[in-house]
Every structure is written in structure tokens, then in C-alpha cells.
Amino acid sequence: MVDEVTKKTLASIPLLKTKAGPREKAEWPDRLKEEYCALIKYVENNKQADNDWFRLESNSDGTKWWGKCWYIHELIKYEFNVEFDIPVAYPTTPPEIALPELDGKTAKMYRGGRICMTDHFKPLWARNVGKFGIAHAMALGLGPWLAVEIPDLISKGIITKNENVGASGSA
Amino acid sequence: MSEPTISELKEQIRKYELQLEQEKLKNMKQREKITKMSAEVVDSNPYSRLMALKRMGIVENYENIRNFTVAVVGVGGVGSVTAEMLTRCGIGKLILFDYDKVELANMNRLFYQPHQAGLSKVEAAKLTLQHINPDVEIEAYNYNITTVDNFDHFMNVLSTRSLSNGPIELTLCCVDNFEARMAVNRACNELNLNWFESGVSENAVSGHIQFIKPGETSCFECAPPLIVASNIDEKTLKRDGVCAASLPTTMGIVAGFLVQNALKYLLNFGQVTKYLGYNALLDYFPTMSLKPNETCSDPFCVKRQQEFKLREEQRLREQVDVVEEEKVEEVLHPDNEFQIELCDEGEDLPDLTKNDKNKNTGVKHAFPASVENQANEHDASNEANEMSSIPLEDLMSKLKNL
């Protein structure tokens, strides 16, 4: 299910230690720091490997996240807004990453543009509850999804370069 | 800039559609509210057939149903039918939660009608239900319960919005995804409220309902669905929208099971099921009782288990006090070579947990139990350690400026 490259990427993202969600007020700040540390490390790794592909930021209590992700296909960059909430049962349940601009454009998506991660990601998350965080969700959830879906959507003409520029520009 | 955006216009249209729906309903003939349920057998009494349950000796006090508040979380294929059944039964108050809209793709299921497409499910359901039975008080909340802000509100509603402004009597979970089930589970464990979980499989040919009494029966987190996975592919906790199949039949049957057991629980008749499954292909209806998991990862579940244990001990002690006065039977077989244990009919079977918990065929762990997980956590990489002394604000700006 997980290829060698992904395994290597995964190994370089620090695992998280504090198993706490946003409702566990005492421990959540620690968890949030760990999330940030893991994300910083992952983005730095990506930059070093010339594979920088997303930016994220959050509100001050770390319950809402948003940013951009992009995918390069045949030398053209396609950029999308990405957003998600930290669910109350986090980290038992993973964040539901959404690409609102693509809502309704693919069947591999739930309402509101939330990408389908049931097969490729949820079992991995379930086996690593507590240790996986947002960085892992990006690496193992959104990353593979983009790699499969975006070329397909482009080949079907559902997303085009111009439209995409307009979409990300107006956001 | 002053021109309205598409989404604003859409919102505006949605409001007008809702108003239109309300106007249409106003023009339809609607009956007056009925202050007291009557058993009188006349064509105009909507409750005569329900009140007849008393005459038949099934229910002692059917009118009590008007005192109860039931929350239906998720008013899709199962939840909407559930809400309609309860409405027709004359439930006191219904509280509906859903953040989805009615779509034409829902029309293979019951309840919603094509002209309601585009309306929020809770709004559309509220209008229809109020028209069916104006005696039922209906509250509708159009939001996603799994986000932090909404969850607090959700918990508040469950604990304060009954007809007497206290905790509601029962919650029926009719959602189609793991996250929302987990949210309902957490809320009910924390508030110590009884609830029913329900579900229909992605391939539309099986379903189940499960009664969860925090601390007494297994909660949803006690047995994560991924653990019970060999004969049935439980990767199937997928949601509507991504090509999940659905049948009005299976959903109607599950809703029927759900409301039947809700009525038995509320009106105190018959035996309330702990778990009832439905396999449509084989017409197989398994039932079982699930004990809570002592290592459940929800601390509130563990707390409720301890409370239940204390209550049970107290109850048994009182029972023993009564029994002790009777003659104690002599033990006939002091050495019990084959470990045979006797138990009363209806009592729980002897504790099997000292042996393998998963001996039942077809059940195996898909990933380590939570205890093992915790043990491994100490070995986890400590790479992020050095960064943990940095204030959060600095980390936030660092990520932003990368």
C-alpha cells in the first residue's frame, strides 16, 4: 500500500507523542506544538528534496487550518486552496482535508470538497492513532490523492490551466 | 464590489425556496394541535391506533411518549425515516442535526421529495414533519457536529433541551461516517446519556443497530470497527457520495428496528436489544451483547465503566442480603475438574476475558490494542524534542514564512 519513496518521506517526519485532541485543554497546546514541529520539518524536507507542495497555517487554538497545495503536471502548476477542521475526536479520527474548489468535480470526494481517504489513508491512520499528525495526513492522505486525481481531472478536461489560475487568484 | 457573489445569490435563492415551501404548507389543510391523546376510535383521531396498544396490553402508558425528547443525528436515508416514525408515534420533541442538503441523488431513499432538492435536510424534514404531526415540537440544527465549536453546542443541546430543560431521553445516531459516530460517542460518554448507533453497509445489503449505555455496554470506541474485520470488509465505513450503494428497503428496515427499540426503551415494554444485525442476502438477524473494553481509549467510557461497576456491586450486595436468609445449597462436587460453571437463564455468561478475547471465528486484531500502542509510544522518535521549548507563536510564524 505504501511505496518506498513514501516510506522514506514518512520516516523523516517526526512522530507525535502527545495523544490529545482540542477538547483536552491541558494537553492540546503540547500536541499543537508537536504538530507544528512535524509540519515545519516536513516542509523543510520537501524543500530540500525540491518537492515543496503545500503551505498551511492555523487559527490561534489550532482547530482550523487552511492554506494552499499545488501539483505540477506536464510543467504546469495547478494550485488549490486546502482547508480542514480538527475534529473533536482527533486524533482518534483524522482531519478531513478539503479542496473546496474541486467540490462536485470528482466522485472521489465527499460533500464540501473533502477528499476521500477511506481506502488509502484511514487504515494507516487507525494503526498509528496518536503518533500520526497533520503532516502525516498531508503526506499519506492528500499527497497520494493529488497524484492520482489531478492528472485524471486534467486528462478529462475537468480542470484546465486557465480556470485553475482564476480559481486560486480569486481566493 | 457591491454586486452579490454567486454564493450570496445561492443563499438568497435558498431562503426564498424555504419561504415558498412554508407558504405552500400553510395553504394545505393542517389539523389543529391536540392537547391530550385520546383512545377514542373515530376516523379523526390520529392516535386511536397507537392508544390501542394499551388495550392490547402491550404498552402500559402510551401517552408518556409525549414527555420524551429524542435527538436524531443525521437525517439521511435512515434518520429521516426514523424521525418520521417518531413523529407519527407522537413523540414529545424531536431534535434534528444534519449539515447536508437534499439532492436528487437521495431520491432512491424514502422521505424526501424531488421538489425539496437544494433545501437543507433538517429544514426540509422539519417542514414535512410538522405538517404530519403538529403536536410534535421540532428543533433543527444545520451544522457539522464534529467541529470543536459545533460540538460544544451539540453537547449543550443534548444536556439541556428536553421538554423539562434537562438532558434528553435518547439519542439516535443515523450518520453515515466514522467521524460523526465518534463525536456522538464522545458526547454521550461524557454526558452519560444512552443512545442507539445505527448503520447500513456501503453495499446496501446489511445493517445494524446497537444500544449503548455508557459504562454498561460497549461504546463505539471500545471496539473500533477496524478490529472486527475478516469476513466482512470493514474498509467500508465510507460515506455517502463516494459511490456508496443504498436501498430504501434496507434503510427502512434499519430505521424500523431503531425506532421499535427506541419505543420499547422509552415506553418500557418488551426487551430492548443490545445489538441487532441484519444481513439482507441471507435474511440473518444476529443479536448479541457487547461488554465495554477496559482499555477503551475514551477516558469517559472508562470512568462510566467504573461507575457502573460500583452500581452493580451495590445491587448485587442488596440481592445477596435477601438471598442469604434462604437456605444455602450444599456443594455436591467440590473438585470441578472440567471448569463447569452454572449461570441463570438470562444472566451473562461466565467471564471469558481471561482467555483470548477474540476467539470468536472471523475476528482478529487489525492493529495493536491501545495498551500496546501506549507502550510503543515511548520509543517514538524524539526528533521534535528540541523544538518543544519554542513558543507556539514562533512555530506558527516559522511555518508561515517557510
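Note on naming: letters A, B, ... go to the chains in the order of the sequence lines (proteins, then strands), and numbering restarts at 1 for each one. This one's a predicted model, so the numbers in the text were calculated from it and none came from an experiment.
Within the 4.5 angstrom heavy-atom criterion, only side-chain atoms of B/D152, from C-beta onward, approach chain A. Both the backbone and the side chain of A/P87 come within less than 4.5 Å of a heavy atom of chain B. Looking at B/D149, only its side chain comes within 4.5 Å of chain A, counting heavy atoms on both sides. Using a 4.5 Å cut-off between heavy atoms, A/N59 touches chain B through its backbone atoms (N, CA, C, O) alone. Only the side chain of A/T63 comes within less than 4.5 Å of a heavy atom of chain B; its backbone N, CA, C and O stay farther away.
Here the CG atom belonging to A/D61 is positioned 10.0 Å from the CG atom belonging to B/L392, to the nearest 0.5 angstrom. Note that CD of B/E221 is 9.0 Å distant from OG1 of A/T93, once rounded to the nearest 0.5 Å. Within the model, atoms CG of B/N177 and OH of A/Y110 stand 8.5 Å from one another, a figure rounded to the nearest 0.5 Å. Of the inter-residue distances, the one linking B/L395 atom CG with A/I40 atom CD1 reads 4.5 Å to the nearest 0.5 angstrom. Once rounded to the nearest 0.5 Å, the distance linking OH of A/Y90 with OG1 of B/T146 reads 13.5 Å. Atom CG of B/N144 sits about 7.5 Å away from atom CG of A/D85, to the nearest 0.5 Å.
B/I145 and A/V88 make their closest contact through O-CG2, 4.4 Å (heavy atoms, listed as atom of the first residue, atom of the second, distance). A/A89 approaches B/R186 most closely through the heavy-atom pair CA-NH1, 3.6 Å. Looking at every heavy atom in both residues, A/K47 comes nearest to B/L402 through NZ-C, 2.9 Å. When all heavy atoms of A/R55 and B/L399 are compared, the closest pair comes out as CD-O, 4.2 Å. A/T92 approaches B/F178 most closely through the heavy-atom pair O-CE2, 4.2 Å.
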Item to complete: Please assess B/Y99 against A/R111 for the test side-chain contact (heavy atoms from CB on, under 4.5 Å), listing each intermediate value before the final yes or no.
Response: CA-CA 10 Å; B/Y99 67 100; A/R111 45 196 174 247; 3.4 Å; yes

Practice prompt. Run the numbers on A/R114 and B/E179 for side-chain contact (heavy atoms from CB on, under 4.5 Å), then give the verdict.
Written response: CA-CA 13 Å; A/R114 289 173 301 156; B/E179 287 76 10; over 6 Å; no

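The number of heavy-atom neighbours closer than 6.0 Å to NZ of A/K8, taken from other residues, nucleotides and ligands shown, is 12 or below.
Partners of A/F132 according to the ring pair (Phe, Tyr, Trp, His ring centres under 6.0 Å) rule, which considers only residues two or more places apart in sequence or in another chain, are A/H136.
Heavy-atom pairs under 4.5 Å with chain A were tallied for B/M396, B/E103, B/K101; the largest tally goes to B/M396.
Of all residues spanning residues 146-155 of chain A, none has a heavy atom less than 4.5 Å away from chain B's heavy atoms.
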